[in-house]
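Taking it in order: structure first as structure tokens, then the write-up.
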Amino acid sequence: MIEMSMEKMRVRFAPSPTGPFHIGGARSALFNWLLARRYGGKLILRIEDTDLERSSRESEENIKAALRWLGIDWDEGIDVGGEHGPYRQTERLPIYAEYTAKLLESGKAYRCYCTDVELEAERQALMVKGLMPQYMGKCRNLSAEEEQKLIAEGRRPTIRFRVPENQMISFHDAVRDTVTFDSNGIGDYVIVKSDGLPVYNYAVVLDDALMQITHVIRAEEHLSNTPRQILIYEALGLPLPEFGHISLILGKDRSKMSKRHGATSVEQYKALGYLPEAVVNFLALLGWSPPGEQEIFTSAELIELFSLDHVAKNPAVFDIDKLNWINSHYLKKLDLDTLTEMALPHLKATGLISEELNAERLEWVKQVVGAVRDYVSFAAQIPEHAAVFFHDDVAMENDETAQILKDPDVVRVMDEFLAKLAAMESITGEQVQAMLKAIGKELKLGGKKVFMPVRVALTGQMHGPELASLIPLLGIERTMARIRHSMKLVQ
RNA sequence: GGCCCGUUGGUCAAGCGGUUAAGACACCGCCCUUUCACGGCGGUAUCGGGGGUUCGAUUCCCCCACGGGUCACCA
């Protein structure tokens, strides 16, 4: 059904710049972007900043930076301009005023002089009676005289939309098919605040209509706002776009994802060392499924395959394990220089390296990163795996590791290893491997009796990077020193 | 509470009246590597409940339960 109207598809992403850019917002942006790119349409980026209290330019910048980081670009909107601007709601006030005047004039909207306290009292009264809180229309039919009186009291009115009674509002939703609401469940709602600024439900309609948006694809939390908006489209005789409400992203406990579920903003994932390709890949698969069994997709592939037809109606739990898996996949293909760049801030933050690195030291760090890269899902995990390369004051992780070094054969293994090392000028991974194998043969010991003690002596742990990569990076001197140190520890 | 939306394994999900109910993550086992990880192979595990409709329901309809969203001078 979408196919026919694809020609001039215009979709939009319209975030409000209030705080960190939520991962759910990123998914909405992504779906819109995918749609626009898939059908050769346009993506418009509009900023909904009518909440003066909470909106900030800083957060607007964060959103743009996050979108760019994800590789999501827009064709019209803030920064890039376009024929339907301005693209920031606070800069569109005269436009809204024009339509508000029409609504007022035709009686489809009216001024309401009720105060917060009065409204709150009304809500409470309704609740006590077990009724749903709703504006009862006190100012619906004020006479000119009454209005004058209220104005004289110094009251600043809001403007409310007069919701028609007994009207079923039905609309087609691209992901949910037909959705129906009863207008009787909607009280006259505020469209312009007493400070003259429009409320979201009103501004969004005017903007979408005026910007000629053809498909309004947004999160499910807006589904029950849609009938209110449709009423305004109708009152103003504006053409309705196609709506599509995508499901929400839930936390592990199945409630809407929030801070207590861990990282929720795009910035946080970036800071933890996730790759934008991985985040995009993961987000695309959350609530949408492509045909086939492929799991890893480039943006280009996603664009080619994306369609609203396979967007899920049910909410999806954010599965960090899967994101980790996808990210480690992309991490593996990353060149070592880039990966090292990503690791550096984390190595510094954990105190493993200092601010200043000379070229030689940087090269060494790079190799350390290379030695542990297969063990991590995201860059912030690198320090914990790389730590063994930095700390020479080895401590036994537990009794088990200490026990391993107390094995009577270990002294011979270490003496032999120390002797061999002492005879070397430098050492490579292959040489380490050969050396340890030779020791096993000479002393007639199994591999486990050689490798494990050496590993424990060097790191204090039973798990870690391969000895063949660890020892050359440590160098002969540090290797020998660590062995002596550890052997003394368990004596 | 009213309204709206949803419900296939632990998670993401395919399925669109007849299937051995895909695949992925996670988990478990085996192999590889003289550790771990990586990789390879294999395994455990799913249609919320009850009524219909139908020769036949995971699939269509109704009710219930559960989950989510929303009911602001926030978006």
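- Residue E304(A) qualifies as open at atom CD: its count of foreign heavy atoms under 6.0 Å is 12 or below.
- Distance noted for atom P between G10(B) and U20(B): 24 Å (whole Å).
- With a cut-off of 3.5 Å on both pairing distances, C16(B) has no Watson-Crick or G-U wobble partner at all.
- For G23(B) and G9(B), the C1' atoms lie 13 Å apart once the distance is rounded to whole Å.
- Side-chain contact of S183(A) with R228(A): a donor-acceptor pair under 3.5 Å is absent, judged by distance alone.
- Nucleotides of RNA chain B with any atom under 4.0 Å from a heavy atom of chain A span, from 5' to 3', G1(B) to A75(B).
- Within the 4.0 angstrom heavy-atom criterion, only backbone atoms of the sugar-phosphate kind lie near R254(A); the bases stay farther away.
- Within 6.0 Å of CD in E153(A) there are more than 12 heavy atoms belonging to other residues, nucleotides or ligands.
- Atom P of A57(B) sits at a distance of 15 Å from the matching atom of A21(B), rounded to the whole Å.
- Nucleotides C12(B) and C47(B) are separated by 15 Å at their P atoms, to the nearest Å.
- Nucleotide C66(B) has G6(B) as its partner under the Watson-Crick or G-U criteria, with both atom distances under 3.5 Å.
- Spacing between G17(B) and C73(B) at atom P, rounded to whole Å, works out to 47 Å.
- Side-chain atoms of S59(A) never come within 3.5 Å of backbone atoms of S55(A) as a donor-acceptor pair (strictly under, hydrogens ignored).
- Note that R111(A) lies outside the cation-pi zone of Y113(A), set by a 6.0 Å cut-off to the ring centre and a 45° limit from the axis.
- Qualifying side chain to side chain contact (heavy atoms under 4.5 Å, CB included) partners for H463(A), counting only residues two or more places apart in sequence or in other chains: none.
- One C1' atom belongs to C31(B), the other to C16(B), and the distance between them is 40 Å to the nearest Å.
- Taking atom C1' in both G56(B) and G48(B), the straight-line distance is 22 Å, to the nearest Å.
- Counting only N and O atoms by type, the side chains of D207(A) and Y87(A) include no donor and acceptor under 3.5 Å apart.
- Side-chain contact annotation: H245(A) with R218(A), donor-acceptor N/O pair under 3.5 Å present.
- G287(A) comes within 4.0 angstrom of sugar-phosphate atoms only, judged by non-hydrogen atoms across all strands, and of no base.
- U59(B) and A14(B): their C1' atoms are spaced 13 Å apart (whole Å).
- Of all the residues in residues 15-27 of chain A, S16(A) reach under 4.0 Å from RNA chain B with at least one non-hydrogen atom.
- Residue-level contact check: R156(A) touches neither bases nor backbone, having no heavy atom under 4.0 Å from any strand.
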